Amino acid sequence: MSNSEIQQRRLNATPRGVGVMTDFYAVKAENATLWDHQGREYTDFSAGIAVLNTGHRHPQVVEAVQQQLECFTHTAFQVIPYENYIALAEQLNQRVPVAGPCKSTFFTTGAEAVENAVKIARAATGRPGVIAFSAAFHGRTLMTMALTGKVTPYKTDFGPFPGSVFHASYPNALHGVTTEDALQSLETLFRCDISPQQVAAIIYEPIQGEGGFNIAPPEFVSALRQLCDQHGIVMIADEIQSGFARTGKLFASEYYPQAQPDLITMAKSLGGGLPISAVSGKAALMDAPQPGGLGGTYAGNPLAVAAGLAVLKVIEDEQLCARANHLGAKLAETLNASGHPALAQVRARGSMVAAEFIDPQNGKPAAVIARSIQQRALEQGLILLTCGIHGNVIRFLYPLTIPEAQFDTALQLLSTLMRP
């Protein structure tokens, strides 16, 4: 069956609200390579939107899932628990950059993790308010849409949203938002919209994902930590896109050792392609909800938990943090050397790399240039994603396990596409 035949079936059978980037359909994938129905080969620099840091079908992940499949696929942990859930919680508790004893609990999606982190913070503080940031992305449920700092397409036509959610500015030097501006916006919120004594949590991304791979300045994160300590607010780091070696450390929060969060949300690459998410954090906070207050029918599915344990081992065995730094440095060098007149900034922390384009004639965000490079790359068999509130940023999310020769070939193509 051809891609075009399946495409027509998709248009007939599924709603337009599920936006789909490509018009071909996957039939097979291995590490950083994907094949469609026509047998065409693609290099995947999207990795399922940061889900496949360990690549498509990593052998150790596949083996772990197969072994669990031979035992059982589901019991619901809240009804009949299983040991590997506990083992994965123990592994995360040892690794998360959170001070003191930690506990972890599992869910299915990143949005669920964020929602439950908010629940935990509210239960622990007895307060309603939550502060998020402009350009943030935290999910597609009603609460996480309220937290998300971008309207189109995520929030259009879907309101009203839950109350007691407020937004402050996130630092963005390229667009003239300093750390001082961002902190002043928080003070304005405290004066005009909500007392800090009514704020349960401040949730932030150490590196914004959908927002454009904007890296939080250390002084900003330190100030957030001080504000949270001063007012008894829970500090939540959303590491759903930045976690699991993508940034050159297991978690991006490790770059801010003096400003550790109280709770961390994670998902995406934790499962190596299987749906699982988690909240990890200080034990006293994690224990705030009453028994039965956390959970879900599929929360911590045993197949996904088995995959998660394998992912952590692969990251360690294959030294993927070091590899993220190696690959990211090569990519950043290639982008910076391109000489593209609209390339305004390359942002890179490990292999969380982005290129932002601004029209040199008028200084405005150039989404059309980003889309053009993305489309021409796709025509040459390289899958890229865009992001940013203006859609003018290309982000690079290749598997960290990509073979060196395949990575170098992709960089050569990028160099060609970005020549002035």
Side-chain angles (χ1 to χ4, degrees), residues 97-99 114 121 129-138 147-150 165-196 199-243 246-249 251-265 328 332 336 344-350 352-356 358 363 365 387-390 392-393 395:
V98 174
V114 170
V130 185
I131 295 174
F133 292 92
S134 57
F137 180 83
H138 296 292
L147 294 169
T148 290
K150 180 180 178 181
V165 173
F166 304 87
H167 287 88
S169 298
Y170 191 96
N172 189 323
L174 182 64
H175 294 281
V177 182
T178 66
T179 292
E180 189 175 286
D181 293 333
L183 296 175
Q184 184 59 51
S185 72
L186 281 166
E187 292 300 329
T188 300
L189 280 181
F190 291 155
R191 286 197 306 270
C192 301
D193 294 299
I194 185 170
S195 162
V199 177
I202 294 177
I203 183 168
Y204 88 107
E205 297 163 275
I207 304 177
Q208 290 191 322
E210 298 291 323
F213 284 21
N214 302 308
I215 302 170
E219 60 273 18
F220 173 68
V221 182
S222 294
L224 286 185
R225 181 69 272 173
Q226 291 169 10
L227 273 176
C228 289
D229 290 341
Q230 178 183 351
H231 298 296
I233 297 169
V234 177
M235 182 174 170
I236 304 172
D238 184 338
E239 295 249 21
I240 288 166
Q241 191 158 163
S242 60
R246 172 57 55 183
T247 65
K249 294 184 182 292
F251 296 101
S253 294
E254 295 176 57
Y255 285 98
Y256 312 98
Q258 305 306 315
Q260 294 179 329
D262 301 308
L263 302 176
I264 294 181
T265 62
N336 281 316
Q345 191 176 66
V346 174
R347 296 185 286 274
R349 180 149 280 172
M352 199 161 181
V353 181
E356 181 160 357
I358 291 178
C387 63
I389 59 171
H390 302 288
N392 65 320
V393 180
R395 52 179 160 169

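Note that the structure is a prediction, hence the values are computed from the model and not measured.
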*Asks:* Between Ala136 and Thr148, which heavy-atom pair has the shortest distance, and what is it?
*Replies:*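 So the minimum-distance heavy-atom pair works out to O-CG2, 3.2 Å.
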
*Asks:* Tell me, please, which residues at least two apart from Gln208 pass side-chain hydrogen bond (donor to acceptor under 3.5 Å, both in side chains).
*Replies:*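 So Gln208 forms a side-chain hydrogen bond (donor to acceptor under 3.5 Å, both in side chains) with Asn214.
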
*Asks:* Taking all heavy atoms of Leu186 and all of Ala168, pick out the closest pair and write down the distance.
*Replies:*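 So the two residues come closest at CD2-CB, 3.7 Å.
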
*Asks:* Indicate the ring-plane relationship of Phe220 and Phe133, choosing parallel, tilted or perpendicular according to the 30° and 60° boundaries.
*Replies:*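 It falls in the perpendicular class, over 60°.
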
*Asks:* Ignoring hydrogens, what is the shortest heavy-atom contact between Ser169 and Val177? Give both atom names and the distance.
*Replies:*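 Smallest interatomic distance, heavy atoms only, reads CB-CG1, 4.1 Å.
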
*Asks:* Check whether NZ of the Lys or CZ of the Arg Lys150 lies under 6.0 Å from the centre of the six-membered ring of Phe137 and within 45 degrees of that ring's axis.
*Replies:*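 The answer is no, since Lys150 fails at least one limit relative to Phe137.
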
*Asks:* Going by heavy atoms in the side chains, are Ile202 and Cys228 under 4.5 Å from each other?
*Replies:*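 Yes, side chains in contact.
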
*Asks:* Nearest 0.5 Å, please: how far is CZ in Arg347 from CG in Asn172?
*Replies:*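 CZ of Arg347 is found 6.5 Å from CG of Asn172.
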
*Asks:* Nearest 0.5 Å, please: how far is CD in Gln241 from CD in Glu210?
*Replies:*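 That separation rounds to 6.0 Å.
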
*Asks:* Would you find a donor on one side and an acceptor on the other, under 3.5 Å apart, between the side chain of Ser134 and the backbone of Gly149?
*Replies:*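 Not a single qualifying donor-acceptor pair exists.
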
*Asks:* Asn392 side chain to Glu356 main-chain N or O, any donor-acceptor pair under 3.5 Å?
*Replies:*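 No.
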
*Asks:* State, yes or no, whether a side-chain contact exists between Arg225 and Met235 at a heavy-atom distance under 4.5 Å.
*Replies:*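 With C-beta onward as the side chain, the pair touches.
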
*Asks:* Any non-hydrogen side-chain atom of Ile358 less than 4.5 Å from a side-chain atom of Leu174?
*Replies:*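 Yes, their side chains come closer than 4.5 Å.
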
*Asks:* For the pair Tyr204 (side chain) and Leu224 (backbone), establish whether a donor and an acceptor sit closer than 3.5 Å, ignoring hydrogens and angles.
*Replies:*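 No: the side chain of Tyr204 does not pair with the backbone of Leu224.
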
*Asks:* NE2/His138 to CG/Asp238 distance, rounded to the nearest 0.5 angstrom?
*Replies:*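 Between atom NE2 of His138 and atom CG of Asp238 there are 5.5 Å.
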
*Asks:* Measure the shortest side-chain to side-chain distance between Pro206 and Tyr255 over non-hydrogen atoms and say whether it is less than 4.5 angstrom.
*Replies:*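 No, their side chains stay 4.5 Å or more apart.
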
*Asks:* Could you tell me which non-hydrogen atom of Cys387 sits nearest to which non-hydrogen atom of Gly209, and how far apart they are?
*Replies:*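 The pair with the smallest heavy-atom distance is SG-O, 3.9 Å.
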
*Asks:* Which heavy atom in Ile264 sits nearest to a heavy atom in Pro97, and how many Å separate them?
*Replies:*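 Looking at all heavy atoms of both residues, the shortest contact is CD1-CD, 3.6 Å.
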
*Asks:* Does Ala216 offer a backbone N or O that forms a donor-acceptor pair with the side chain of Tyr170 under 3.5 Å?
*Replies:*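 Yes, Tyr170 side chain to Ala216 backbone: donor-acceptor pair under 3.5 Å.
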
*Asks:* Can you name the nearest heavy-atom pair linking Ala121 to Ile236, along with the distance?
*Replies:*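 Heavy-atom minimum between the residues: CB-CD1, 4.5 Å.
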
*Asks:* If we count only N and O atoms by modelled type, under 3.5 Å, do the side chains of Ser242 and Glu239 hold a donor and an acceptor together?
*Replies:*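 A donor-acceptor contact under 3.5 Å links the two side chains.
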
*Asks:* Could I get the full list of side chain to side chain contact (heavy atoms under 4.5 Å, CB included) partners for Gln184, not counting sequence neighbours?
*Replies:*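 Gln184 satisfies side chain to side chain contact (heavy atoms under 4.5 Å, CB included) with Glu187, Thr188, Arg191 once adjacent residues are dropped.
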
*Asks:* Under the 3.5 angstrom rule, does the side chain of His167 hit a backbone N or O of Leu147 as a donor-acceptor pair?
*Replies:*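 Answer holds: yes.
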
*Asks:* Between Val114 and Ile240, is there a side-chain heavy-atom distance shorter than 4.5 Å?
*Replies:*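 In contact.
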
*Asks:* Got Val353 and Arg246 here, is their nearest side-chain heavy-atom distance under 4.5 Å?
*Replies:*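 No, side chains not in contact.
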
*Asks:* Do Arg349 and Lys249 have side chains that approach each other closer than 4.5 Å (heavy atoms only, starting at C-beta)?
*Replies:*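 No - every pair of side-chain heavy atoms lies 4.5 Å or more apart.
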
*Asks:* Can you confirm whether Phe190 sits close enough to Ile131 that some side-chain heavy atom of one is under 4.5 Å from a side-chain heavy atom of the other?
*Replies:*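 The answer is yes; the side chains approach within 4.5 Å.
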
*Asks:* How long is the straight-line distance from OG of Ser253 back to CD1 of Ile207, given to the nearest 0.5 Å?
*Replies:*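 With rounding to 0.5 Å, CD1 (Ile207) is 9.5 Å from OG (Ser253).
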
*Asks:* Mind checking the CD-CG spacing from Glu219 to Leu183? Nearest 0.5 Å is all I need.
*Replies:*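 Taking CD in Glu219 and CG in Leu183, the distance rounds to 8.5 Å.
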
*Asks:* Would Ile233 and Leu227 count as a side chain to side chain contact (heavy atoms under 4.5 Å, CB included) if you check the C-alpha gap in whole Å, the side-chain angles of each, and the deciding distance to 0.1 Å?
*Replies:* CA-CA 8 Å; Ile233 297 169; Leu227 273 176; 5.8 Å; no

*Asks:* Return the set of residues passing ring-ring contact (aromatic ring centres under 6.0 Å, His included) with Phe166 (not counting sequence neighbours), or none when no residue passes.
*Replies:*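 Listed in chain order: nothing, the list is empty.
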
